[in-house]
Protein chains: 2
Amino acid sequence: MAPANAAVKIPLEAPVVEKRVRNRAATEQAILDAAKRLLAEEGFQNFGINAVARGAGCDKQLIYRYYGGLNGLVEAIGTDLGSWVTDRIPDDTGGMFLLTYGDLMERLSMLFLDALRADPLMRRIVAWEISENSEQVRRLSEARSKALAGWIERMRGSLVPPKGVDAQAVNAMIFAAIQHIVLAAAVSDQCAGLVLKNGKDWEKAATALKRIVRGVYG
Amino acid sequence: MAPANAAVKIPLEAPVVEKRVRNRAATEQAILDAAKRLLAEEGFQNFGINAVARGAGCDKQLIYRYYGGLNGLVEAIGTDLGSWVTDRIPDDTGGMFLLTYGDLMERLSMLFLDALRADPLMRRIVAWEISENSEQVRRLSEARSKALAGWIERMRGSLVPPKGVDAQAVNAMIFAAIQHIVLAAAVSDQCAGLVLKNGKDWEKAATALKRIVRGVYG
DNA sequence: CTTGCTACTCACCGACCGGTGACAGATTGG
DNA sequence: CCAATCTGTCACCGGTCGGTGAGTAGCAAG
């Protein structure tokens with residue numbers, strides 16, 4: 001509604017809402033940020049055009065114009081995602097010398113576990129991946145797995161898995177375990193009866209994970 | 001409104017739609033079946049009063065009357081779920097003698113893997129569990145985990161895990177891995193780069209899983 | 001100042017959502 | 001026979017959704 005005293009042009013009390021500057025780049029960034037924030041905090045369930053526009057404080061029309069709708073916006077998130085691994089997971093070996101494939105996988109497991117625990121957006125995306133198979137989520141999924149595979153390849157160096165072990169299948173199991181346990185814990189602080197609240201609980205989980213890795217790879 | 005031609009009582013052309021019999025028990029069952037079918041086939045995303053009523057071929061009002069709304073209906077599903085484990089997973093040892101804890105866990109892993117692969121409803125519920133933390137899903141989750149824990153306890157018999165291994169944590173990891181890999185495969189036929197389409201692919205996954213179990217428990 | 005472009009907002013659409021109150025027809029008990 | 005009850009249907013509510021067409025405010029060039 002227009003103020004009753006429209007004749008008065010001077011903003012008597014400073015209009016608390018700071019004026020939106022006309023700046024396309026900034027607006028695009030605000031939309032993207034809002035989308036990521038919303039997805040990370042609320043999950044994919046209520047992720048939609050209206051909610052993003054509300055979160056970005058602009059009209060949803062701009063999302064259509066700048067990103068071509070929600071699909072394009074999700075794609076933009078996926079592009080951003082490419083830098084996730086390189087941003088959040090160290091690329092070096094933490095000063096350790098990885099002598100064996102077992103050393104490598106143990107370290108990768110720990111790094112991935114911690115990184116996923118620390119990143120709500122990534123968790124939501126993983127949950128999304130296993131709940132739906134739309135075009136949107138496929139794009140995200142692809143970007144994520146590609147980045148992850150590249151990271152692993154980089155870390156692997158020249159180490160090779162021991163003979164007689166289907167490393168790809170085993171590693172898929174290990175990463176699956178990590179993803180599921182982190183997601184379950186994020187939602188309900190437990191997984192399969194195992195409580196996962198404080199750091200001590202997570203220590204136990206990490207130990208179990210290392211034991212599994214070492215059990216297979218020595 | 002009363003029909004204008006209320007005097008005409010005879011349905012001239014045979015009413016193709018077969019008359020719904022007035023039968024509360026049958027209707028309740030139809031609603032419950034529709035809910036389970038809908039959840040299994042469409043997932044929790046579009047699971048709602050309207051959709052269930054449509055699927056059951058009755059008015060949504062009846063869901064409110066008979067189940068007290070969607071919450072009550074979900075609770076009824078949860079109750080049904082209690083019999084899931086006992087229905088779908090064999091309680092005996094398949095003619096094998098489980099001599100060691102490793103034998104036991106290997107067998108449990110295989111049974112759980114196959115059972116989950118074969119049950120879309122259960123998969124959807126697991127996906128729901130890690131995507132949301134509403135009251136509804138908590139009830140389902142509780143029913144499921146309780147039934148599962150009971151089954152494991154029953155199968156365990158007097159076997160005890162080896163000393164020095166945090167069996168609870170390790171087993172949580174193993175079950176987490178199974179759940180995640182099955183869910184991922186159900187949606188996209190792969191998990192962490194491992195293709196999971198045909199039986200041969202699953203054989204590899206099962207072998208990897210067994211190797212993990214044996215690596216920990218011998 | 002006018003013209004034209006860009007950034008942005010607004011009002012509105014049809015569709016579907018969960019939820020509710022009123023009502024119709026069959027069944028049952030007095 | 002009437003009245004109460006049970007089973008089921010229907011119309012309607014406010015709200016939110018994704019999507020669109022029209023209009024407004026800032027700004028720069030001529």
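Note on naming: letters A, B, ... go to the chains in the order of the sequence lines (proteins, then strands), and numbering restarts at 1 for each one.
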* Asked: Under 4.0 Å between a side-chain N or O of A/Tyr64 and OP1 or OP2 of D/dG19?
  -> yes
* To do: Rounded off to whole Å, could you give me the CZ-to-C1' distance for the A/Arg54 and C/dC8 pair?
  => 18 Å
* Ignoring backbone atoms, test whether B/Arg65 places a side-chain nitrogen or oxygen under 4.0 Å from the OP1 or OP2 oxygen of C/dG21. => no
* Taking the nucleotide of DNA chain D with the closest heavy atom to each, which residue, B/Arg24 or A/Ala51, is nearer the 5' end? -> B/Arg24
* Do B/Arg22 and D/dC6 share a donor-acceptor pair, side chain to base, under 3.5 Å? -> yes
* To do: Consider only side-chain N and O atoms of B/Ser134 and B/Glu132, and report whether a donor and an acceptor are under 3.5 Å apart.
  => yes
* To do: Starting at atom CG of A/Asn71, determine the distance to atom P of D/dG19, rounded to an integer number of angstrom.
  => 8 Å
* Using whole Å, report how far NZ of B/Lys60 lies from C1' of C/dT20. => 9 Å
* Can a side chain N or O of B/Asn50 be found less than 4.0 Å away from OP1 or OP2 on C/dG18? -> yes
* **d(CG, B/Leu62; P, C/dC23) in whole Å** => 18 Å
* Asked: Starting at CD1 of B/Ile31 and ending at C1' of D/dG8, how long is that distance when rounded to a whole Å?
  -> 10 Å
* Nearest-Å distance for atom pair CG/C1', residues B/Leu73 and C/dG19 -> 16 Å
* Report the distance from atom CG of A/Asn23 to atom P of C/dC8, rounded to the nearest whole Å. => 7 Å
* Asked: Starting at the 5' end of DNA chain D and moving along, which residue's nearest nucleotide shows up first, B/Gln61 or A/Ile49?
  -> B/Gln61
* To do: Please state whether the phosphate of D/dG8, meaning OP1 or OP2, lies under 4.0 angstrom from any side-chain nitrogen or oxygen of B/Thr27.
  => yes
* Asked: For A/Gln29 and A/Asp33, does a side-chain donor sit closer than 3.5 Å to a side-chain acceptor?
  -> yes
* Note, A/Gln179 side chain near A/Phe112 side chain (heavy atom, < 4.5 Å) -> yes
* **Donor on one side chain, acceptor on other, B/Tyr64 and B/Asp59, under 3.5 Å** => no
* Would you say a side-chain N or O of A/Tyr66 is under 4.0 Å from OP1 or OP2 of C/dC8? -> yes
* To do: Using whole Å, report how far CD of B/Gln29 lies from C1' of D/dT7.
  => 17 Å
* Asked: For B/Ala185, does its backbone N or O pair with a side-chain atom of B/Ser188 as donor and acceptor, under 3.5 Å?
  -> no
* Nearest of C/dC8, C/dC10, D/dG18 to any side-chain atom of A/Asp59? -> C/dC10
